[in-house]
Amino acid sequence: MPRYNPAAIEPKWQKYWDENRTFVTPRLPQGKKMYVLDMFPYPSGDGLHVGHPEGYTATDIVCRYHRMKGTSVMHPMGWDAFGLPAEQHAKKTGTAPRITTEQNIANFRRQLKMLGFSYDWDRELATTDVDYFRWTQFIFLVLYDTWFDPEQGRGRPIDELPLPKQIELKEDLVREYRDDHRLAYQLEAPVNWCPALGTVLANEEVIGGVSERGGHPVVRIPLRQWMLRITAYADRLEKDLDQLDWSESIKSLQRNWIGRSEGADVDFFIDDETTDDGRPSRERFTDWTSDRDEAGFPTKPGPDVLRVYTTRPDTLFGATYMVIAPEHPFVRRLTQPDQAKAVDTYCEQAARKSDLDRTDLAKNKTGVFTGSYAINPVNGEAIPIWVADYVLISYGTGAIMAVPAHDTRDFEFAQTFDIPIVAVVDPGKSTEVDRNEVLAGRQCSVEDGTAINSGIYDGLITADFKKTITTDLHKRGLGRKAVNYKLRDWLFSRQHFWGEPFPILHELDAAGKPTGRLRTVPADELPVDLPKDMKFDAAHDSPEPPLDKAPEDWLYVTLDGKRYKRETNSMPQWAGSCWYYLRFLDPKNDQALVDPEIEKAWMPVDLYVGGAEHAVLHLLYARFWHKVLHDRGYVSMDEPFQKLVNQGMILGEMEFTGYQDADGRWTSAAQVANAADNGQIDKRSGRPVVPVRVEPEAVEKQGESFVLVADPSIKIDSRAYKMSKSRGNVVNPDEVVSGFGADSLRLYEMFMGPLEAVKPWSMDGVSGVHGFLNRVWRMIVDERADELQLNEAIEDVEPDVDQNRMLHKTIHAVTQDLDQMAFNTAIARMMEFTNFFLKQDARPKSAMEKLVLMLSPFAPHMAEELWQLLGHDKTLAFEPWPAHDEAALREDAIEVPVQINGRLRAKIQVATDADAKTLLAAAKANERIAELLEGKTMVKEIVVPGRMVNFVVK
RNA sequence: GCGAGAGUGGCGGAAUUGGCAGACGCGCUGGAUUUAGGAUCCAGUGGGCAACACCCAUGCGGGUUCAAAUCCCGCCUCUCGCACCA
């Protein structure tokens with residue numbers, strides 16, 4: 001088989017690596033270590049997608065490269081295998097989720113092996129393995145057993161939680177107090193229950209009050225849930241980003257999500273007793289302030305105040321009303337009888353809306369007046385308290401002071417309800433707003449500026465004002481500096497079968513009702529496996545988890561004479577992926593989640609590659625767990641992923657789209673607008689049009705855009721779309737491998753462009769790199785012979801100077817590119833090498849060997865085959881990476897551009913090390929330059945040795 | 001609206017950080033070989049031009065500099081994320 005035949009050599013070498021256990025990693029690294037991790041896939045029924053091999057090829061190249069540089073490399077692979085699709089499949093077909101999952105894993109494993117990745121398959125694991133989720137459950141117990149000590153800034157065992165004196169000896173109170181501090185706690189939280197689908201939906205699956213799939217009504221009902229107190233770690237999760245080698249854009253996504261803000265908590269006096277006009281009395285307010293003056297600012301607000309959080313304490317004098325969220329506990333209390341009906345109706349409506357609906361209706365502010373007033377602590381003025389759903393109960397204190405002059409939302413609200421607008425910040429000269437309009441209260445300005453209408457604070461600039469007033473409020477016991485986060489606690493339970501069961505038992509009383517007392521399943525009795533034989537209903541009629549219908553012998557447990565019911569919620573898919581990188585290090589350990597010695601030797605993950613879709617949640621959750629495990633002494637470092645790279649999405653092939661109406665008449669793409677019914681119309685005629693795929697031949701570029709060749713007045717859209725089944729532009733790796741081979745697929749995915757960029761697929765591009773591999777093959781192999789043998793141009797001779805220079809230039813460039821993960825340019829370098837040596841009649845064997853070694857991380861199958869042909873009897877996986885020789889790079893002469901007034905006019909040949917003087921002389925001696933300089937006045941001569949010469953003349 | 005990133009030939013993309021714009025690949029054009037080509041080889045290929053002279057050209061408009069894709073200012077467009085977070 002003298003022709004390059006990937007279908008034969010790829011399986012051959014895959015078998016070789018398997019049988020020789022080439023990539024099995026030792027327990028502990030020997031010498032320098034490198035832990036390279038891929039985000040493990042969810043093994044869907046559709047199989048691998050060309051997006052998967054992109055990141056996997058990149059990490060495989062890095063691993064193979066570093067092995068050749070003598071590093072101990074850890075490179076495992078596994079499966080994020082819990083998830084809803086297998087459960088839905090079970091409901092439809094009756095096939096148990098475990099069966100479906102195993103089939104899908106087998107398919108994924110086959111596809112990954114087909115691509116020749118150098119994973120240590122002995123470490124393979126799935127989050128659904130009972131031996132694995134035993135430790136996921138164990139970590140849950142750690143979370144349950146931990147409270148966050150804000151003073152030390154770390155998680156500590158719950159029995160170290162200091163107890164307030166008054167509860168010390170009361171068992172039930174102690175229990176409650178502890179439960180209130182655990183990192184894992186229970187909460188009644190609303191879920192989206194869809195009776196028609198018989199399932200609980202995630203927020204993003206509910207659109208406009210109905211399910212995304214099928215459009216069935218969804219109701220929000222409260223359900224007991226498990227929560228994880230990730231907010232306790234918000235500060236560390238944000239700060240520690242600084243020490244990580246992640247792209248700024250991912251860090252900023254995380255920072256954004258955590259959403260730290262600094263401001264102040266401020267108490268506004270409210271009172272059940274009011275004067276005739278319905279406002280709190282002056283005297284009682286004065287008494288309150290003097291009380292506060294003595295007692296200071298209380299940690300928890302009492303019933304006599306409405307506490308707000310603000311990032312703009314400098315605008316306190318401009319607060320003309322207050323707003324509390326419809327769910328605020330004071331709503332009822334503050335509502336005056338004549339407002340009761342309006343407030344009730346409003347709150348009821350708000351309760352029915354999902355968070356999403358509330359924000360969708362952002363355009364118009366709604367709200368109702370409660371009839372009550374609060375007193376602004378800085379100026380003693382009584383201001384009305386409203387209820388409005390633009391204030392969220394889940395952020396800050398669920399109540400705000402509204403400063404319409406300097407907050408756009410408050411401004412809109414105040415305009416709608418005709419509430420006074422008082423400017424307290426003079427924006428000065430501003431490009432954003434009209435200063436006079438702002439001062440008159442007709443325009444809103446959120447900019448910093450100078451304080452006005454603010455009593456003794458007038459004249460202060462915003463930043464100083466904030467500091468000063470926060471200190472003053474604190475002194476008078478009216479407020480305090482505060483920090484808030486957008487990050488919410490993590491809703492950690494799902495009403496699904498196919499997830500990790502919680503190791504939690506609920507105590508039952510004699511009547512079989514829960515007493516509210518919990519008991520954990522002891523760590524040494526884990527795992528809690530899922531019940532084996534469970535029937536699945538296509539839908540069930542209650543939002544309770546499916547495990548509620550588990551067989552009784554699973555569901556009920558009797559311990560120490562007490563009866564318990566198992567927790568029937570299951571953990572979310574995130575749970576298993578939160579710590580898999582630790583288990584890979586020690587996957588068979590049945591004594592610990594990971595042996596500390598091994599953990600210390602291999603962690604942290606030196607390179608983590610995956611899609612940007614996990615930029616926020618997965619990475620945040622995993623970092624959170626890692627920090628808890630660190631605080632509790634299970635792992636040595638407090639960040640798991642040192643370097644993170646996100647591969648860009650691979651889009652479908654470029655498409656040209658034109659628009660036609662029902663009669664087949666074209667409409668220019670520039671004229672197309674979205675119609676109300678999701679369709680598209682011609683803006684001018686109003687006729688509906690439909691997108692039509694246009695062949696590339698029918699299109700040409702004209703100026704900035706593409707137009708129809710047949711009618712250049714018709715503009716055509718050109719873009720690549722995300723691959724999707726519905727668009728029919730999905731590329732299947734199996735297809736590419738059978739057409740071109742795995743090496744071509746790998747090479748193409750790396751050659752497309754920078755790893756992190758979003759890029760469109762092109763089958764022609766695959767055939768392009770396939771052609772390159774063919775040329776490499778022909779450069780080394782005698783294609784005309786019947787037997788596999790070396791090309792007769794391969795000779796056992798020293799390279800000549802030019803050949804040697806090309807060789808070492810290539811080594812130098814490829815090595816540098818690999819260090820920077822610039823795979824596309826590394827491949828280009830090897831193409832140049834190949835183009836050069838194909839023209840050489842004598843190809844030194846040593847040079848060919850070095851190319852094969854450099855190519856091996858990219859196209860390992862072909863490289864192994866050629867390496868063998870070049871006379872080696874074992875794998876090249878551990879051959880030393882070629883080193884370049886600086887001396888070989890030297891050129892005798894170089895070409896230097898000569899410019900006149902910055903324009904290229906000639907190129908001269910000079911010695912490589914020519915100094916400025918020589919260079920200048922050579923430039924002036926050039927015929928063309930001399931001619932052009934004739935009769936001109938020299939203003940300046942710029943000479944950069946080895947680079948260029950520029951004459952500035954008049 | 002806020003945040004991040006990006007705009008370079010027909011297409012994907014290079015450009016050692018201010019120093020010859022367009023490496024490498026695709027596509028296209030011409031030629032060679034071939035029964036044939038979606039195989040292989042050779043040559044060409046940013047635009048204008050008879051021209052290898054010259055002019056224009058890195059989203060647009062200014063600026064700094066001997067010199068700008070690269071630095072500064074102001075716009076425009078696209079992609080992604082967040083979205084009433086007080």
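Below, chain A is the first sequence line, B the second, and so on; all start at residue 1. All values derive from a computational prediction rather than experimental measurement.
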Produce a footprint string for nucleotides 11-25 of chain B: one letter per nucleotide, 5' end first; B if the base is under 4.0 Å from any protein heavy atom, S if only the sugar-phosphate is, - if neither.
SBSS-B--BB--BBS
Nearest-Å distance for atom pair CZ/P, residues Arg3(A) and A39(B):
11 Å
Looking at Gly610(A), is its backbone amide N or carbonyl O close enough to the side chain of Asn646(A) to form a donor-acceptor pair, meaning the two atoms are under 3.5 Å apart?
yes
Could you check whether the rings of Phe858(A) and Phe823(A) sit parallel, tilted or perpendicular, using 30° and 60° as the cut-offs?
perpendicular
Please tell me whether Tyr485(A) and Thr231(A) have a donor and an acceptor in their side chains that are separated by less than 3.5 angstrom.
no
If you apply the rule side chain to side chain contact (heavy atoms under 4.5 Å, CB included), what do you find for Lys759(A) with Glu54(A), and how did you get there?
CA-CA 11 Å; Lys759(A) 18 188 199 282; Glu54(A) 188 191 16; 2.7 Å; yes
Using the P atoms only, state how far U77(B) lies from A68(B), rounded to an integer number of Å.
28 Å
If you look at every strand shown and take non-hydrogen atoms under 4.0 Å, does Ser261(A) touch a base, only sugar-phosphate, or nothing?
sugar-phosphate
Check the distance between A83(B)'s P and Arg488(A)'s CZ and give it to me in whole angstrom.
9 Å
Heavy-atom check, side chain of Val814(A) versus side chain of Leu818(A), under 4.5 Å
yes
Under a 4.0 Å heavy-atom cutoff, the residues of residues 396-408 of chain A touching RNA chain B are Ile400(A)
When rounded to the nearest Å, what value does the distance between C1' atoms of C76(B) and U29(B) take?
36 Å
Please answer whether the main-chain N or O of Leu838(A) pairs with a side-chain N or O of Arg778(A) as donor and acceptor at a distance below 3.5 Å.
no
For C84(B), does the base pair up with any side-chain atom of Lys365(A) as donor and acceptor (N or O, under 3.5 Å, distance only)?
yes
Ring-face cation of Lys365(A) near Phe413(A) (centre distance under 6.0 Å, axis angle within 45°)
no
Base orientation of G5(B), syn vs anti, 90° cut from 0
anti
Tell me whether the side-chain N/O atoms of Arg928(A) come closer than 4.0 Å to OP1 or OP2 in A53(B).
no
Test of understanding: with side-chain contact (heavy atoms from CB on, under 4.5 Å), list the residues that count as partners of Gln254(A), not counting sequence neighbours.
Leu241(A), Trp246(A), Leu619(A), Leu620(A), Arg623(A)
A69(B) and U64(B), which share atom name P, separated by this distance in whole Å
16 Å
Grab the CD1-C1' distance between Ile716(A) and G10(B) for me, whole Å please.
15 Å
How does protein reach along nucleotides 1-6 of chain B, written 5' to 3' as B (base within reach of a heavy atom under 4.0 Å), S (only sugar-phosphate), or - (no contact)?
--SS--
Give me the distance, rounded to whole Å, that separates G22(B) from G44(B) when you measure between the C1' atoms they each carry.
16 Å
For the residue pair Tyr395(A) and Tyr309(A), does the interplanar ring angle fall in the parallel (under 30°), tilted (30 to 60°) or perpendicular (over 60°) class?
perpendicular
Could you tell me whether the side chain of Ser668(A) and the main chain of Gln671(A) form a donor-acceptor pair under 3.5 Å?
no
Could you state the atom-to-atom distance from CD of Glu927(A) to C1' of C52(B) in whole Å?
15 Å
Carboxylate-amine/guanidinium contact Asp235(A) Arg260(A), below 4.0 Å
yes
Aromatic rings His884(A) and His812(A): how do their planes relate, parallel, tilted or perpendicular, breaks at 30° and 60°?
tilted
Using heavy-atom distances to pick each residue's nearest nucleotide on RNA chain B, tell me which of Phe740(A) and Arg905(A) is more 5'.
Phe740(A)
In this structure, how many angstroms lie between the C1' atom of C41(B) and the CE atom of Met779(A), rounded?
17 Å
Separation of atom NE2 in His328(A) from atom C1' in A86(B), rounded to whole Å:
13 Å
Should Glu262(A) and Lys466(A) count as an ion pair when the cut-off is N to O under 4.0 Å?
no
Rounding to the closest angstrom, what is the interatomic distance between G63(B) and G19(B) at atom P?
22 Å
Measuring only the P atom in each nucleotide, how far is G25(B) from A39(B)? A whole number of Å is fine.
16 Å
Mind calculating the distance between CG (Leu838(A)) and P (U40(B)) to the nearest angstrom?
12 Å
Expressed in whole Å, how much space separates the C1' atoms belonging to G62(B) and C2(B)?
28 Å
Name the stems with RNA chain B in them: runs of three or more consecutive Watson-Crick or G-U pairs, distances under 3.5 Å?
B:1-7 with B:76-82, B:10-12 with B:24-26, B:27-32 with B:40-45, B:46-48 with B:54-56, B:59-63 with B:71-75
Nucleotide C80(B), atom P - distance to OH of Tyr721(A) in whole Å
12 Å
Could you check Asn484(A) against Asn901(A) and say which one's nearest nucleotide on RNA chain B is further toward the 5' end?
Asn901(A)
With heavy atoms under 4.0 Å as the rule, sort Arg260(A) into base, sugar-phosphate or nothing.
nothing
Taking the basic N atoms (NZ, or NE/NH1/NH2) and the acidic carboxylate oxygens, is any pair closer than 4.0 Å for Glu655(A) and Arg727(A)?
yes
Results of salt bridge (Lys or Arg N to Asp or Glu O under 4.0 Å) for Asp267(A) - residues two or more places apart only:
Arg292(A), Arg307(A)
Looking only at atom P, what distance separates A4(B) and C72(B), rounded to whole Å?
15 Å
Return yes if some donor-acceptor pair links the side-chain N/O of Arg843(A) with the main-chain N/O of Met779(A) below 3.5 Å, else return no.
yes
